[in-house]
Amino acid sequence: MRALVTGAAGFIGTNFVRQTLARKREGIDRLVALDLLTYAGNYANLTGLESDPRFRFVRGDVADRDRVAALVAEEAIDVIVHCAAETHVDRSIVDGAPFLVTNVHGTLALLEAVRGRPGFRCFLHVSTDEVYGSVAEGRSTESAPLRPSSPYAASKAAADGFVFAYAATYGVPAVITRCSNNYGPYQFPEKLIPLFVTNALDGESLPLYGDGMNVRDWLHVEDHAEALWHVLGLRAAPGEVFNISAENEMPNRALTEQILRLLDRPANLVRYVADRPGHDRRYALDPGKLRATGWRPQVSFADGLARTVAWYRERRAWWEAIKSGTYRDYYDRMYSGRLAGSSAAPREPGV
Ligand code: NAD
Ligand code: TYD
């Protein structure tokens, strides 16, 4: 197998690549990591892998059609695991344009590169539970309608649409996975868990949106990486979708309390701030289809969160390097106004 992993220097890409090479997965002859190294990509995440003869890193844009087509041909790629994306909902609310370019044009460029390619085995498109929108009751199955609420989710749903279209129209062997919120090492500290852990370590405020009762469904990134390999081994039909979830739902407020407990930090670090516009109240995936094929998550949330918190505690140099420079401007832009108007007590729902 000659695999191309896009977004390999980001959170999920890094964990997927590291896990793949460390476990010496049989059948991996080549692993080409393609990443533009945007603000979210960090080449240092891949340190140490250069000595593996199967590994090659290429800095490039997934939306650059010629570059992508040339790379796929030159490396005789037969499997793509497509993780590259603009991923942060709050940034998409400020400006959706980069999300359209990377998430939609980028996915299209990759699909074009493999269309009609002899011997090509699988294009695995890593999508998200956010395409289903907020789930009031029950759990989203793979056939639930797509109702994206944020520009980020809209761009991922549009990309899913192109994957379906290329499977149906050209028979591209493409599958879609939709996972829930991931957590674990190497996550950029703009997302809830690494942001709150690193802020708490520095004695800074933890800005909880709205009433803090929005529910997310947490999946350890190691379980996610294993699930991706499991799906690659399934011989799924072109255009098939698989939800990936450990069925571990939790309100943000309860999660924040667990983080503070693990770090032995006071509850008064929590500040309730103005809500995210269009904030989905609850995500909940039904992973029954994948489970029926034998996949099971292995990491309990208590253990996974404790290990994750310990990782950030021990890797201060990793996140301090990120949380300086342009990150500070981002943080001030996103949070200083909100924190100035924050309160110590929960807000009313949706406020
Ligand atoms: P991330 O933001 O940590 O990493 C994204 C990576 O993509 C970065 O390394 C970045 O440099 C790279 N990238 C961005 N634009 C690029 C471009 N134009 N060309 C090449 N590389 C580019 O994201 P992540 O959390 O690792 O997410 C990976 C995938 O998983 C995304 O498709 C995301 O939508 C999906 N997903 C993530 C989660 C989660 O909880 N993290 C949940 C559901 C789905
Ligand atoms: P996030 O990590 O941005 O992931 P997503 O929006 O893709 O689910 O946010 C997870 C949850 O945490 C979401 O309900 C929004 C909330 N949140 C806060 O309350 N405060 C914050 O500063 C951030 C970044 C998120």
Side-chain angles (χ1 to χ4, degrees), residues 5-16 33-43 45-46 58-64 67-68 81-93 98-99 101-103 105-107 109-110 125-131 134 149-150 152-153 155-156 159-160 177-184 186-196 199 205-221 224 228 243-245 250-253 255-256 270-276 278-283 285 331 334-335 338-339:
V5 180
T6 70
F11 165 48
I12 293 171
T14 292
N15 281 282
F16 180 79
L34 174 66
D35 199 297
L36 188 57
L37 299 180
T38 67
Y39 80 90
N42 190 347
Y43 183 70
N45 291 354
L46 303 170
V58 176
R59 185 173 191 180
D61 187 346
V62 287
D64 180 341
R67 185 87 198 278
V68 164
V81 178
H82 179 32
C83 296
E86 287 291 337
T87 60
H88 195 39
V89 171
D90 293 323
R91 290 184 193 253
S92 81
I93 292 168
F99 290 74
V101 174
T102 290
N103 300 1
H105 290 282
T107 304
L110 288 159
H125 177 62
V126 177
S127 186
T128 170
D129 59 0
E130 305 200 17
V131 296
S134 201
S149 307
S150 69
Y152 161 67
S155 69
K156 295 295 290 187
D160 286 15
T177 56
R178 296 191 180 130
C179 63
S180 60
N181 283 64
N182 282 222
Y183 69 103
Y186 298 104
Q187 189 168 26
F188 193 86
E190 64 188 350
K191 306 291 191 325
L192 180 75
I193 290 182
L195 176 66
F196 279 19
N199 276 13
S205 301
L206 312 188
L208 260 184
Y209 295 162
D211 64 356
M213 293 305 287
N214 297 67
V215 170
R216 293 296 181 264
D217 177 0
W218 294 98
L219 172 69
H220 196 277
V221 68
H224 185 198
L228 297 179
N243 287 342
I244 308 175
S245 156
M250 195 172 298
N252 293 334
R253 214 192 281 179
L255 171 59
T256 305
V270 175
R271 302 297 303 176
Y272 289 86
V273 301
D275 207 353
R276 169 189 283 174
H279 194 176
D280 283 330
R281 193 66 174 160
R282 173 175 175 259
Y283 295 136
L285 282 177
Y331 196 80
M334 288 295 194
Y335 292 100
R338 272 176 162 154
L339 283 167

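As the structure lists them, so they are numbered: ligands from 1, and atoms in each ligand from 1.
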Is Y335 in contact with ligand 2, taking contact as a heavy-atom separation below 4.0 Å?
yes

Can you find a side-chain donor-acceptor pair between Y152 and E86 that sits under 3.5 Å?
no

So, is N252 polar-close to ligand 2, with some N/O to N/O distance under 3.5 Å?
yes

Within the 4.0 Å heavy-atom cut-off, what L208 brings close to ligand 2 is both

Does any N or O of ligand 2 fall below 3.5 Å from an N or O anywhere on D90, backbone included?
no

Any nitrogen or oxygen of C179, main chain or side chain, under 3.5 Å from a nitrogen or oxygen of ligand 1?
no

Which is closest to atom 6 (C) of ligand 1 in terms of heavy atoms, A109, G7, A9?
G7

Suppose we measure from atom 4 (O) of ligand 1 to each protein heavy atom; which comes out shortest, and what is that distance?
G10 CA, 3.4 Å

Judged on heavy-atom distance to atom 40 (O) of ligand 1, which of T14, I193, N182 sits nearest?
N182

Ligand 2 contact by M334, heavy-atom criterion under 4.0 angstrom
no

Where's the contact between K156 and ligand 1, heavy-atom distance under 4.0 Å: side chain, backbone, both or neither?
side chain

Does the residue G106 have a heavy-atom contact with ligand 1, meaning some pair of atoms that are separated by less than 4.0 Å?
no

Below 3.5 Å, N or O to N or O, backbone or side chain included: is there any such pair between D35 and ligand 1?
yes

Please confirm whether G60 comes under 4.0 Å of ligand 1, counting heavy atoms of the residue only.
yes

Strictly under 4.0 Å, does any heavy atom of V126 approach an atom of ligand 1?
yes

Say whether P98 and ligand 1 are in contact under the criterion: heavy-atom distance to a ligand atom below 4.0 Å.
no

Please work out whether any backbone atom (N, CA, C, O) or any side-chain heavy atom from C-beta onward of V101 is under 4.0 Å from ligand 1, and answer side chain, backbone, both or neither.
neither

Between V126 and the options H224, H82, K156, the side-chain contact (heavy atoms from CB on, under 4.5 Å) test singles out H224

Note: heavy atom closest to atom 13 (N) of ligand 1, options T38, T6, T128, L46, belongs to T38

Nearest to atom 14 (O) of ligand 2 by heavy atom, E190, H279, M213, Q187: which?
H279

Ligand 2 to E130 polar contact by distance, N or O atoms, under 3.5 Å:
yes

Evaluate the side-chain contact (heavy atoms from CB on, under 4.5 Å) criterion for residues Y186 and N15: first the C-alpha distance (whole Å), next the side-chain angles of each, then the deciding distance (0.1 Å), finally the verdict.
CA-CA 8 Å; Y186 298 104; N15 281 282; 4.1 Å; yes

N or O contact, L192 vs ligand 2, cut-off under 3.5 Å
yes

Please report which non-hydrogen protein atom sits nearest to atom 4 (O) of ligand 2, along with the residue it belongs to and the distance in Å to one decimal place.
N181 ND2, 3.4 Å

What is the closest protein heavy atom to atom 8 (O) of ligand 2, and at what distance does it sit?
R216 NE, 2.8 Å

How close do A8 and A33 get, heavy atom to heavy atom, and via which atoms?
CB-CB, 3.4 Å

With only distance considered, is Y209 within less than 3.5 Å of ligand 2 through an N or O on each side?
yes

For H88, the ligand 2 atoms whose distance to one of its heavy atoms is below 4.0 Å
3 (O)

Between A84 and ligand 1, does any nitrogen or oxygen pair lie at a separation below 3.5 Å?
no

Among protein heavy atoms, which lies nearest atom 20 (N) of ligand 2, and at what distance?
P207 O, 2.8 Å

Subset of ligand 2 atoms that lie under 4.0 Å from at least one heavy atom of N214
14 (O)

Of all heavy-atom pairs linking V131 and A153, the shortest is CG1-O, 3.9 Å

Under a 4.0 Å N-O cut-off, is there an ion pair linking R281 with D211?
yes

Does A63 reach ligand 1, in the sense of a heavy atom lying below 4.0 Å from it?
no

Nearest heavy-atom contact between S92 and S150 is OG-CB, 4.2 Å

Where the side chain of R253 meets the backbone of M213, is there a donor-acceptor pair that is under 3.5 Å apart?
no

Under 3.5 Å donor-acceptor, N182 side chain and S180 backbone
yes

I'd like to check whether L195 has a polar contact with ligand 2, where a contact means an N/O of the residue lying under 3.5 Å from an N/O of the ligand.
no

Does even one non-hydrogen atom of Y152 get within less than 4.0 Å of ligand 1?
yes

For V89, counting its heavy atoms only, list the atoms of ligand 2 lying under 4.0 Å from any of them.
6 (O), 7 (O)

At under 4.0 Å between heavy atoms, is it the side chain or the backbone of I193 that contacts ligand 2, or both, or neither?
neither

For atom 37 (C) of ligand 1, which candidate among L192, D61, I12 provides the closest heavy atom?
I12

Is there a donor in the side chain of R59 and an acceptor in the side chain of Y43, or the other way round, less than 3.5 Å apart?
no

Tell me every residue that passes side-chain contact (heavy atoms from CB on, under 4.5 Å) with H88, counting only those two or more places apart in sequence or in another chain.
Y39, D90, R91, E190, K191, R276, Y330

S245 versus L285, closest heavy-atom pair with distance:
CB-CB, 3.6 Å

Which part of F188 is near ligand 1, with near meaning a heavy atom under 4.0 Å away: side chain, backbone, both or neither?
neither

What part of A8, side chain from CB on, backbone N/CA/C/O, both or neither, has a heavy atom under 4.0 Å from ligand 1?
neither

For ligand 2, indicate whether the residue D280 contacts it via side chain, backbone, both or neither (heavy-atom separation under 4.0 Å).
neither

Nearest-option assignment for atom 29 (C) of ligand 1, heavy atoms, candidates G41, A33, C83, S180
C83

Best match, R271, K191, R276: closest heavy atom to atom 9 (O) of ligand 2
R276

